[in-house]
Amino acid sequence: MFTKKEKVIKDIKQALIDVISETNGVTINESLELLSFNPALKKNQLVEKSLGEFRKLLNGFQSNEVDISTLLGHPFSEAFFEFFKEFPIPYHEEHIHLTGSLSAEFIYPRLQNLLNGPDKEIYNQKIAQVYGEHALPINSVSDVDRLIRLKEGELFKTYLKILYLPKLILIDRQTHVEAAYHMASDLYSKYNVGKIRLKFTLSRSTGLSDEQIPGLENLSEDDVVLGLYEGFMKFKEEKPFFNFVLSPSFRKEPSFFDQTEYSSKQEHFEDQVLCILDILKKYPFLKDVLSEVDTVGDERELYKKKHFFEMKSGLRRLQYQGFKIRSHHGETWKILRLGVQAVDNALNIWHIDTLEHGLSLGINPNYYFHRLFQRIIEMNQQGQALDPQSFEHAEILDMEWREVEVRDKILAGILLTEPEKVKFLKTKFHTAREVEHYQHDVLNRMINKNVSLVALPSSNLKLTGCFPDYKDHPFSWWEKKGVKLGIGTDNYITLSTNYIQELLILLYSNPTDLKIMKLLMVATKETRRPYMSHLLWEMRKTIHESSTGLHSQP
């Protein structure tokens with residue numbers, strides 16, 4: 001027997017499947033409007049009432065009166081979730097990291113073995129060093145869950161730090177086997193993900209104290225790759241359609257290398273390149289799944305050409321062996337122009353095949369710089385100097401000022417006159433136009449070179465702070481421009497999201513233009529539109545047969 005809520009969600013799901021299949025997946029606004037005219041639904045008072053509520057909430061979200069969490073908690077969202085979960089083609093998770101996508105239920109028992117073992121003091125000390133003394137003791141799954149999830153207001157630096165806890169348990173081959181199987185099983189059973197492009201660290205040796213892992217000396221690169229391969233293949237034996245790509249990811253930061261064994265980052269990186277090629281030579285069966293690499297990490301200070309040369313020769317060697325190059329760029333930046341420049345250099349120097357994040361190519365410079373202007377004017381009217389460590393300070397210094405005295409007054413918090421405000425406004429205006437031209441030049445070159453871009457809405461919003469709301473995410477704009485797109489969750493446990501939630505966020509963020517069919521095609525990588533239409537109709541037939549026993553044809 002269904003509860004009243006379960007019955008409403010079931011009825012909504014059937015109505016959604018009907019309207020989506022019968023209209024070939026038009027926009028969410030159009031779908032909801034058509035449902036409101038459905039004579040059968042008007043007889044179902046609970047569904048009709050829920051539909052009215054949801055349309056008001058969706059409109060409220062567009063006018064910044066309703067939070068996304070309110071929308072996602074509504075019965076209509078639960079029904080949409082079930083629709084996406086039951087779609088016949090599983091989704092491609094294009095960007096997911098190993099460390100931030102292991103649940104607390106998986107981590108806790110393995111972490112307890114370490115905390116109760118002979119080296120427990122070392123582990124307690126490292127956990128306290130990274131998370132603080134308040135993190136201890138760890139006595140439950142909920143204690144682990146609290147530590148591995150990003151809190152409201154925490155940004156990129158904290159995000160990189162809290163990925164440490166899962167790394168503590170990933171110190172042998174068998175744990176990598178179990179981790180890969182656990183991830184594949186969870187993602188498919190809960191979110192209909194049937195292909196995983198997994199980001200993982202091949203070598204975690206580093207000179208950064210906060211990143212050093214006890215017991216890591218016993219783990220070889222072969223153990224990491226073979227362990228992940230075995231875990232995924234174990235799941236593939238159960239679900240033959242399942243597929244995966246292993247994407248070794250290398251930190252970009254200059255200090256992130258084994259300083260005890262190598263004299264430079266370049267030397268360490270090129271040794272890892274040789275290690276990858278050696279692994280393929282020893283285990284040729286890996287060739288189809290170990291065919292790309294990625295670069296990750298904090299890029300705010302890594303935007304100049306010289307920052308790319310350390311890894312250039314190693315990446316080139318991989319390319320000549322058939323590897324594709326993906327890179328996390330345009331995710332964070334010191335100033336917006338340098339965020340675009342970082343992508344520009346990744347295209348020109350590394351010749352990347354896929355851009356991960358790419359947010360600096362999606363921010364609207366005119367909006368971005370006008371909000372900057374408004375914030376700074378507000379601070380100036382209060383006599384507030386700009387913090388030398390803030391990005392507002394950095395953006396002001398980067399602008400071309402005809403009269404530097406206006407710039408200096410802004411930096412010092414000295415009240416601007418009305419004519420000086422106009423001079424600031426003009427300087428801001430020209431800066432925005434120049435950055436916009438640069439941004440479009442880089443994006444158009446990407447499109448011409450068929451370089452794909454992976455969008456990560458929750459990650460971009462929660463980690464960068466560079467756009468105010470999900471509605472400002474550039475996914476739909478990229479889609480209109482013809483960018484070859486993919487969708488990922490990044491570290492979905494850490495960011496408290498999941499693949500289907502990302503699909504819903506994208507739909508709700510642009511309810512008037514983004515078509516449900518288009519989103520499904522991006523998520524599944526299925527380009528045959530008639531076949532997709534057929535699958536939607538098959539969903540309709542199935543749900544009608546289960547509820548009425550009737551068979552229908554379009």
- Task: Determine, stepwise, if the pair T27 / T512 fulfils side chain to side chain donor-acceptor pair (under 3.5 Å).
- Result: CA-CA 6 Å; T27 69; T512 58; over 6 Å; no

- Query: Could K471 and F61 be counted as a cation-pi pair, given that NZ or CZ must be under 6.0 Å from the ring centre and within 45° of the axis?
  - Reply: yes

- Query: Is K234 atom NZ crowded by more than 12 heavy atoms from other residues, nucleotides or ligands, each under 6.0 Å away?
  - Reply: no

- Taking atom types as modelled and ignoring hydrogens, do the side chains of E356 and S327 form a donor-acceptor contact shorter than 3.5 angstrom? no

- Message: Please evaluate residues S142 and D145 with respect to the criterion side chain to side chain donor-acceptor pair (under 3.5 Å), reporting the C-alpha separation (whole Å), side-chain torsions for both, the decisive distance (0.1 Å), and the verdict.
- Response: CA-CA 5 Å; S142 61; D145 195 69; over 6 Å; no

- Query: Between F106 and R110, is there a cation-pi geometry (under 6.0 Å to ring centre, at most 45° from the normal)?
  - Reply: yes

- Task: Hey, can you tell me if Y229 and F285 have their rings parallel, tilted or perpendicular (30° and 60° cut-offs)?
- Result: tilted

- Message: Could you work out, with side-chain contact (heavy atoms from CB on, under 4.5 Å) as the rule, every residue matching V26, not counting sequence neighbours?
- Response: T23, E30, S31

- Look at the aromatic rings of F232 and F244 and report parallel, tilted or perpendicular, splitting at 30° and 60°. tilted

- Task: Could you pull out the closest heavy-atom pair between T489 and L495, with the gap in Å?
- Result: O-CD1, 3.8 Å

- Task: Just say parallel, tilted or perpendicular for the rings of H357 and H95, cut-offs at 30° and 60°.
- Result: perpendicular

- Query: Under 3.5 Å, is there a donor-acceptor pair linking the side chains of T70 and D67?
  - Reply: no

- Listed partners of E53 passing salt bridge (Lys or Arg N to Asp or Glu O under 4.0 Å), at least two apart: none

- Task: Describe, in one word, how the ring planes of F54 and F76 are oriented to each other, choosing from parallel (under 30°), tilted (30 to 60°) and perpendicular (over 60°).
- Result: parallel

- Query: Partners of E230 by salt bridge (Lys or Arg N to Asp or Glu O under 4.0 Å), sequence neighbours excluded?
  - Reply: R173

- Minimal non-hydrogen separation, S101 against N491, with atom names: OG-CA, 3.8 Å

- Item | Which atom of F80 lies closest to which atom of I516, heavy atoms considered | CE2-CD1, 4.5 Å

- Does the side chain of E502 come under 3.5 Å of the side chain of Y470 through a donor N or O and an acceptor N or O? no

- Query: Between R149 and S496, does a side chain to side chain donor-acceptor pair (under 3.5 Å) hold up when you go through it step by step?
  - Reply: CA-CA 7 Å; R149 291 187 185 271; S496 300; 3.1 Å; yes

- Query: Mind checking whether Y181 and F235 have parallel, tilted or perpendicular rings, split at 30° and 60°?
  - Reply: perpendicular

- Task: Kindly determine whether D490 and K199 satisfy salt bridge (charged side-chain N to carboxylate O under 4.0 Å, His left out), including the steps that lead there.
- Result: CA-CA 9 Å; D490 214 351; K199 318 288 184 182; over 6 Å; no

- Note on the structure: All heavy atoms of P474 vs all of L359, minimum pair found to be CD-CD1, 3.8 Å

- Heavy-atom closest pair (Y131 atom, L165 atom, distance to 0.1 Å) is OH-N, 2.8 Å

- Nearest heavy-atom pair of S103 and H182: which atoms, and what distance? OG-NE2, 3.2 Å

